[in-house]
Amino acid sequence: MLKEYRSIKEIVGPLMLVSGVSGVKYDELVEIHEEGGQIRRGKVLEVNGDKALVQLFEGSAGLQISSAKARFLGKGIELSCSDDMLGRVFDGMGRPIDGGPEIIPEKRYNINGQPINPVARDYPNEFIQTGISAIDGLNTLVRGQKLPVFSASGLPHAQLAAQIARQARVLNSDRKFAVVFAAVGITFEEADFFISDFRKTGAIDRAVLFMNLANDPAIERIATPRMALTAAEYLAFERDMHVLVIITDITNYAEALREVSAARKEVPGRRGYPGYLYTDLATIYERAGRIRGKDGSITMIPILTMPEDDKTHPIPDLTGYITEGQIILSRQLNKMGVNPPIDVLPSLSRLKDKGIGKGKTRKDHADTMNQLFAAYARGKEAKELAAILGDAALSETDRKFAGFAEQFERVYVNQGFTTNRTIEETLDLGWSLLKLLPRGELKRIRDEYLEEYFDK
């Protein structure tokens, strides 16, 4: 029996206080029925004795508390899941916005999910090909991994996200591959770009899209990533699919969390974010992974824009602690016209060693990866030295390394947003660039691989 109360006492912004309640739980859904028949929705943020603090999804403008009644639904926010979700576009609360029919659910899930038992987790060790050389060749993505993209305002992370969603696939696997895409707090133009790109390229056939716009309520922004991950868990662990979850932009999510925290008058932490920001982000990121005995998996690429390009800002800082590496986009490379502008030296994939090598990518992958890193780092140093002292100060070898660094950025990293390279093409391209250097300088590659690939 649903409980109704006509005891709404106070409204402050999006918050509403209902008194005289009993048996109400944290995170429970609430419907506010107005006299004219309109229904607003909210959820319980706090219960203290017989008082419940409710956060309204649609805001409180025009709500008459004298005639309105609050109905507590006895359940949290749920998502209806079925195979029919693939190819569909939903809003941030899981309602279809593509003109298609409502989803007839095979199952309903609470969007907060169930934590994966650490003992049941399986180690990520299978290569995912994104078609992007700077990721596949040097900072490899592995099935079940969490690999965030650290971007900055004005950089083309939206195009990179669409490219990964379009091109990503698991090699040597006959399992179905799906993409769950969550856009959090983006503009209408960005949402239109993503939806049209997915439809134009046919990627939408294997994708589920959740779109939360910048003018949607903050509380909805907090639900959107959890909606996406609930859909991903259904497809991965009920339908045995390999699922790639892309969430953009985590910064908008954290801003919404700060807004709700301030409305509740909680004690702020660093930069005004709530003290539980680390824990809250972990409840999102840690839903990725593989489970022993299950064929499906969830791989996650959260994208965040670093405020003021600051890597030490709480959002990228805490994200780096929870996830297994980061892909960093460079403003300098973007100005040079390099797309995607991935700065490979500070970027890192902590699990790359587990997803490469014989039987996964190619036997020479690890050696060439290490050599390309080392050669590019030395080439960048040589270019910096030349900028200070002039080219005449460089040795002949240093000039070759400087030339290598320029070619590496222009050819290897700068592949554009439409080129889809196989891992073999990426590795062969790496070898063609290494041939710009003297053979004696390639000290990180075994002689047998040099004879097979360099001396050809």
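Values reported hereafter were calculated over all heavy atoms of this structure, with side chains retained and with hydrogens, waters and symmetry mates removed. In this chain, residues are counted from 1 in sequence order.
Considering Asn252, Ile284, Leu304, Ile303 in turn, Ile284 is the only one that fulfils the side chain to side chain contact (heavy atoms under 4.5 Å, CB included) rule with Ile247. Remark: of the listed residues Thr418, Thr130, Ile132, Ile132 is the sole one forming a side chain to side chain contact (heavy atoms under 4.5 Å, CB included) with Gln163.
Within the 4.5 Å cutoff, side-chain heavy atoms of Ile222 are placed close to those of Val260. Under the 4.5 Å side-chain criterion, counting only non-hydrogen atoms from C-beta, Arg71 is not in contact with Val30.
We find that Arg226 and Asp280 are joined by a salt bridge, their nearest charged nitrogen and carboxylate oxygen being less than 4.0 Å apart.
Side-chain N/O atoms of Arg143 and Ser297 include a donor and acceptor closer than 3.5 Å. Glu266 and Tyr276 share a side-chain donor-acceptor pair at under 3.5 Å. A side-chain donor from one of Arg287 and Thr230 sits under 3.5 Å from a side-chain acceptor of the other.
Taking the six-membered ring for Trp and the full ring otherwise, the centers of Phe210 and Phe181 sit at least 6.0 Å from each other. Taking the six-membered ring for Trp and the full ring otherwise, Tyr5 and Phe72 have centroids separated by under 6.0 Å. Between His313 and Tyr273, a ring centre-to-centre spacing shorter than 6.0 Å is recorded.
Counting only distance, with no hydrogens or angles, the side chain of Ser60 and the backbone of Leu63 share no donor-acceptor pair below 3.5 Å.
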